[in-house]
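The structure under discussion appears below in the form of structure tokens.
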Amino acid sequence: MQYPGVEQDGTTQGEPLGQRGQAPARPVPPHRVWVDEPASFATDRVCRIHHSFHQHPLMQLPELAQLAQRLFPSGKCRFVAPGITPASEFRHVRAPHDGSGIEEVFRRIEEPGAWVALYNVEADPAYRAFLSEVQAAVRPLVAHEQPGIFNVGGFIFVSAPPSVTPFHMDRENNFWLQVRGRKTIHVWDHTDRHIAPARDVEDFVLYGSLERIRLQDGFMPRSHEICAGPGDGVYFPATSPHMTRSDTEGACPGEGVSISIGTVFYSDVTRRHARVHQLNQLLRRLGASPRPPGLSPVIDSLKAPLGHLIGAARHRLRGNRTPPPGSY
């Protein structure tokens with residue numbers, strides 16, 4: 001893959017050539033993801049991380065504007081209504097509310113409250129290769145605990161303060177990287193049933209419903225609050241509720257635009273947990289109080305095959321409706 005401004009031999013455009021017309025070899029070091037205390041990292045809990053992907057050519061605003069133009073026709077650019085709050089329903093649409101084109105959106109991206117998300121950037125070949133780089137960087141951290149990684153994806157958020165991404169959750173594990181500007185992310189433990197009761201998590205995993213996943217009074221003190229700048233990030237497991245906000249306070253001139261990317265993936269573990277959720281919902285409807293996934297590997301291994309059959313049956317009964325990714 002050749003990035004803008006970088007020649008095939010790894011030198012930058014405009015670099016002086018050697019005496020024989022050959023550019024001197026200059027290997028480009030790979031970008032990194034790391035943690036301060038590697039022994040403290042675990043894929044079943046929220047962990048702060050650091051990275052160097054904010055320096056990557058494809059993470060710069062001009063390249064993202066070009067990516068947005070390529071993604072817009074397929075509906076992969078998403079927009080939210082003005083005035084959303086952290087407690088708003090996380091609903092997004094495929095066109096700006098004021099009718100602007102995607103080029104105009106990026107021309108005005110520094111205006112207060114501007115917000116655009118680029119969904120499923122793995123659909124673009126250049127950014128699919130970028131996500132492969134991220135996966136190569138994080139593999140030493142996750143390979144032992146999360147084997148069988150599949151469906152690697154990316155979601156890029158570009159916004160100008162004041163802006164928010166409302167409270168929600170995802171089915172995938174997430175390495176969330178802050179690339180430009182500053183943003184505060186709040187993440188809640190995926191096992192905190194005060195924040196997300198088991199039945200609500202099950203509805204989300206099985207059907208994609210976030211109807212009851214909403215920010216409530218008293219939730220904020222229970223979160224991990226991380227104020228992130230370029231090179232900062234956080235890992236959090238699947239179904240961890242989270243939200244972000246960026247404020248005008250502390251923003252330097254020309255640095256107000258925030259760019260962050262959620263690099264997400266499923267694994268054998270997320271698949272097994274989804275299958276347990278399938279069975280648990282049925283047991284709950286029968287009056288039982290089933291144990292959530294992740295507490296007992298033995299019990300999960302017994303439940304998962306049955307959950308897979310239940311999920312497949314539910315999919316057939318729902319006709320042509322496609323099941324949410326990673327739901328069984």
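Position 1 is the first residue of the sequence, and the numbers go up from there.
Residues His186 and Arg245 form a side-chain contact, since some pair of their non-hydrogen atoms from C-beta on lies under 4.5 Å apart. Phe175 is not listed as a side-chain neighbour of His51, based on a closest heavy-atom distance of 4.5 Å or more. Using a 4.5 Å heavy-atom cutoff, the side chains of Phe53 and Val33 are in contact. Within the 4.5 Å cutoff, the side chain of Arg171 has no heavy atoms near those of the Thr239 side chain. Side-chain atoms of Val264 and Val152, non-hydrogen and from C-beta on, never get closer than 4.5 Å to each other. In this structure, Cys77 and Arg94 have side chains that are not in contact, with every pair of non-hydrogen atoms separated by 4.5 Å or more. No side-chain heavy atom of His224 sits less than 4.5 Å from a side-chain heavy atom of Arg45. Glu145 places none of its side-chain heavy atoms less than 4.5 Å from the side chain of Val269.
Residues Phe72 and Val121 are members of one and the same hydrophobic cluster, defined by side-chain heavy-atom contacts under 4.5 angstrom among Ile, Leu, Val, Met, Phe, Trp and Tyr. Both Met59 and Leu131 belong to a single network of hydrophobic side chains, linked directly or stepwise wherever heavy atoms of I, L, V, M, F, W or Y lie under 4.5 Å apart. Taking hydrophobic clusters as Ile, Leu, Val, Met, Phe, Trp and Tyr residues chained together by side-chain heavy-atom distances below 4.5 Å, Phe204 does not share a cluster with Val276. Hydrophobic clustering (side-chain heavy atoms under 4.5 Å, transitive across Ile, Leu, Val, Met, Phe, Trp, Tyr) keeps Val187 apart from Leu215. Residues Leu71 and Phe106 are members of one and the same hydrophobic cluster, defined by side-chain heavy-atom contacts under 4.5 angstrom among Ile, Leu, Val, Met, Phe, Trp and Tyr.
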Q: For Arg128 and Glu133, run salt bridge (Lys or Arg N to Asp or Glu O under 4.0 Å): C-alpha distance rounded to whole Å, both residues' side-chain angles, the deciding distance at 0.1 Å, then the answer.
A: CA-CA 9 Å; Arg128 184 164 60 249; Glu133 290 188 51; over 6 Å; no

Q: Begin with the C-alpha distance, continue with both residues' side-chain angles, and end with the deciding distance and a verdict on ring-ring contact (aromatic ring centres under 6.0 Å, His included) for Phe41 and Tyr235.
A: CA-CA 9 Å; Phe41 183 89; Tyr235 165 84; 5.3 Å; yes

Q: Applying salt bridge (Lys or Arg N to Asp or Glu O under 4.0 Å), run through Lys303 and Asp300 and close with a yes or a no.
A: CA-CA 5 Å; Lys303 285 182 172 181; Asp300 287 354; 5.6 Å; no

Q: Mind running side-chain contact (heavy atoms from CB on, under 4.5 Å) on Thr165 and Val80 for me, showing each step along the way?
A: CA-CA 9 Å; Thr165 300; Val80 292; over 6 Å; no

(Q) Set out, in order, the CA-CA distance, both residues' side-chain angles and the distance that settles side-chain contact (heavy atoms from CB on, under 4.5 Å) for Phe79 and Ile102, then state yes or no. (A) CA-CA 11 Å; Phe79 307 87; Ile102 192 64; 3.9 Å; yes

Q: May I have the step-by-step check of ring-ring contact (aromatic ring centres under 6.0 Å, His included) for His56 and Phe130, ending in yes or no?
A: CA-CA 9 Å; His56 198 287; Phe130 169 81; 4.8 Å; yes

Q.
Could you go through Arg108 and Glu111, starting from their C-alpha distance and side-chain angles, then the distance that decides it, and tell me whether this counts as salt bridge (Lys or Arg N to Asp or Glu O under 4.0 Å)?
A. CA-CA 6 Å; Arg108 299 166 53 187; Glu111 293 184 4; 3.4 Å; yes

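A donor and an acceptor atom, one from each side chain of Thr191 and Asp189, are nowhere located under 3.5 Å apart. Of the N and O atoms on the side chains of Ser246 and Ser258, not one donor lies less than 3.5 Å from an acceptor on the other residue. There is a side-chain donor-acceptor pair under 3.5 Å between Asn173 and Gln146.
The CD1 atom of Ile109 sits 7.0 Å away from the CG atom of Leu61 when rounded to the nearest 0.5 Å. Put simply, CZ on Arg291 and CG on Leu283 are 13.0 Å apart, with the number rounded to the nearest 0.5 Å. In this structure, OG on Ser260 lies 3.0 Å from NZ on Lys183, to the nearest 0.5 angstrom. Separating the CZ atom in Arg284 from the CG atom in Leu282 is a distance of 11.0 Å, to the nearest 0.5 Å. Atom CD of Gln178 is separated from atom CD1 of Ile226 by 11.5 Å, given to the nearest 0.5 angstrom.
Shortest non-hydrogen contact noted between Ala87 and Arg214 is O-CD, 4.1 Å. For the residue pair Arg182 and Gly229, the shortest heavy atom distance occurs at NH1-CA, 3.6 Å. Residue Ser52 comes nearest to His31 through the heavy atom pair O-ND1, 3.1 Å, listed as atom of the first residue, atom of the second, then distance. Counting all heavy atoms, side chain and backbone alike, Arg222 lies closest to Ile195 at CD-CD1, 3.8 Å. Contact between Asn280 and Pro292 at its shortest, heavy atoms only, is ND2-CA, 3.8 Å. The minimum heavy-atom distance linking Ala136 with Pro140 is given by the pair O-CD, 3.6 Å.
Residue-environment remark: NE2 (His97) exceeds the threshold of 12 foreign heavy atoms within 6.0 Å. No more than 12 heavy-atom neighbours from other residues, nucleotides or ligands sit within 6.0 angstrom of CZ on Arg91.
Between the side chain of Asp170 and the backbone N or O of Glu172 there is no donor-acceptor pair closer than 3.5 Å. Using modelled atom types, no side-chain atom of Trp115 and backbone atom of Arg78 make a donor-acceptor pair closer than 3.5 Å.
With salt bridges taken as basic N to acidic carboxylate O contacts below 4.0 Å, none links Arg48 and Glu37. Taking 4.0 Å as the cut-off between side-chain N and carboxylate O, Arg199 and Glu202 do not count as a salt-bridged pair.
When ring centroids are compared, Phe90 and Phe167 stay outside the 6.0 Å threshold. For His242 and His168, the ring centers are positioned less than 6.0 Å apart. Between Phe236 and His190, the ring center distance fails the sub-6.0 Å criterion.
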Expected list for residues 205-213: side-chain donor-acceptor pairs under 3.5 angstrom, two or more places apart:
| residue | atom | partner | partner atom | Å |
| --- | --- | --- | --- | --- |
| Tyr207 | OH | Gln281 | OE1 | 3.2 |
| Ser209 | OG | Glu211 | N | 3.4 |
| Arg212 | NE | Asp200 | OD1 | 2.5 |
| Arg212 | NH2 | Asp200 | OD1 | 2.9 |
| Arg212 | NH2 | Asp203 | OD2 | 2.5 |

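Applying the ring pair (Phe, Tyr, Trp, His ring centres under 6.0 Å) definition to pairs two or more places apart or across chains, those involving residues 272-312 are His308-Tyr328.
Between His92 and the choices Phe157, Phe155, Tyr119, the ring-ring contact (aromatic ring centres under 6.0 Å, His included) rule is met once, by Tyr119.
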